[in-house]
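The structure under discussion appears below in the form of structure tokens.
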Amino acid sequence: QVQPVESGGGLVQAGGSLRLSCAASGRTLSSYVMGWFRQAPGRERECVAAISWASGVTYYVDRVKGRFTISRDNAKNTVYLQMNSLKPEDTAVYYCAARSSPIIASNWQGYDSWGQGTQVTVSS
């Protein structure tokens, strides 16, 4: 089973950038989708981006399109989330998750393994 471990969260001013990393251990990711989710207090967990490892097909929720970019490094078994033009409403705990299917899904129930989460705080 894949075990994701996130890093890279922190505090940034509005308009700034952060890059999150997720190192996945346990097995190769060729038949997996890796997703980035976030959850703010009192809100549902939402998928902000996902990538099918083998095909490179990506998904973004509308509110981050043009600002966030998901990418992968095959050699390092690592997925990244580059976040630009950050807004206060992007403040949340961000989670990396693995889905044991090459087909992208945006519902959190479709993912099998989760990281511990990393806090992203965007100040206004």
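For this chain, numbers begin at 1 and follow the sequence in order.
For G8 against L18, the heavy-atom pair with the smallest separation is O-CD2, 4.0 Å. In this structure, Q119 and T91 approach most closely via the heavy-atom pair NE2-CG2, 4.0 Å. For A50 against V33, the heavy-atom pair with the smallest separation is CB-CG1, 4.1 Å. Smallest separation of non-hydrogen atoms from A105 and Y111: O-OH, 2.5 Å. The shortest non-hydrogen separation linking V79 to W36 is O-CZ2, 3.8 Å. Of all heavy-atom pairs spanning A14 and S124, the tightest one is CB-CA, 4.4 Å.
Of the residues listed (L29, I104, T58), the one engaging S52 in a side chain to side chain contact (heavy atoms under 4.5 Å, CB included) is I104, and it is the only one.
Side-chain atoms of E6 come within 3.5 Å of backbone N or O of C96 as a donor-acceptor pair. Between the side chain of Q116 and the backbone N or O of V5, no donor-acceptor pair lies under 3.5 Å. Panel note: side chain S113, backbone A98; no donor-acceptor pair is recorded below 3.5 Å.
Residue R19 holds its CZ atom at 11.5 Å from OG1 of T69, rounded to the nearest 0.5 Å. We find the CG-OG distance between L86 and S17 to be 6.0 Å, quoted to the nearest 0.5 Å. Interatomic distance, OG of S30 versus CG of N77, reported as 9.5 Å (0.5 Å rounding).
Salt bridge annotation for K87-D90: absent, with no cationic side-chain nitrogen under 4.0 angstrom from a carboxylate oxygen.
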Item to check | Pair I70-Y59, side chain to side chain contact (heavy atoms under 4.5 Å, CB included): steps then yes or no | outcome: CA-CA 9 Å; I70 189 170; Y59 160 87; over 6 Å; no
Next on the checklist: As a quick check of understanding, evaluate side chain to side chain contact (heavy atoms under 4.5 Å, CB included) for Y95 and L20, giving each step before the final call.
Outcome noted: CA-CA 10 Å; Y95 297 90; L20 305 182; over 6 Å; no
Item to check | Verdict with supporting geometry, R63 and E46, side chain to side chain contact (heavy atoms under 4.5 Å, CB included) | outcome: CA-CA 11 Å; R63 61 181 62 93; E46 71 169 347; 2.4 Å; yes
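Hydrophobic clustering of Ile, Leu, Val, Met, Phe, Trp and Tyr side chains at less than 4.5 Å, counting indirect connections, unites Y32 with V57. In the hydrophobic clustering of ILVMFWY residues, with side-chain heavy atoms under 4.5 Å counting as a link, I51 and Y80 come out apart.
The cationic atom of R45 (NZ for Lys, CZ for Arg) does not lie both less than 6.0 Å from the six-membered ring centre of F37 and within 45° of the ring axis.
Between M83 and V120, the closest side-chain pair of non-hydrogen atoms falls below 4.5 Å.
Residue W108 places its CH2 atom among 12 or fewer non-hydrogen atoms of other residues, nucleotides or ligands, all under 6.0 Å distant.
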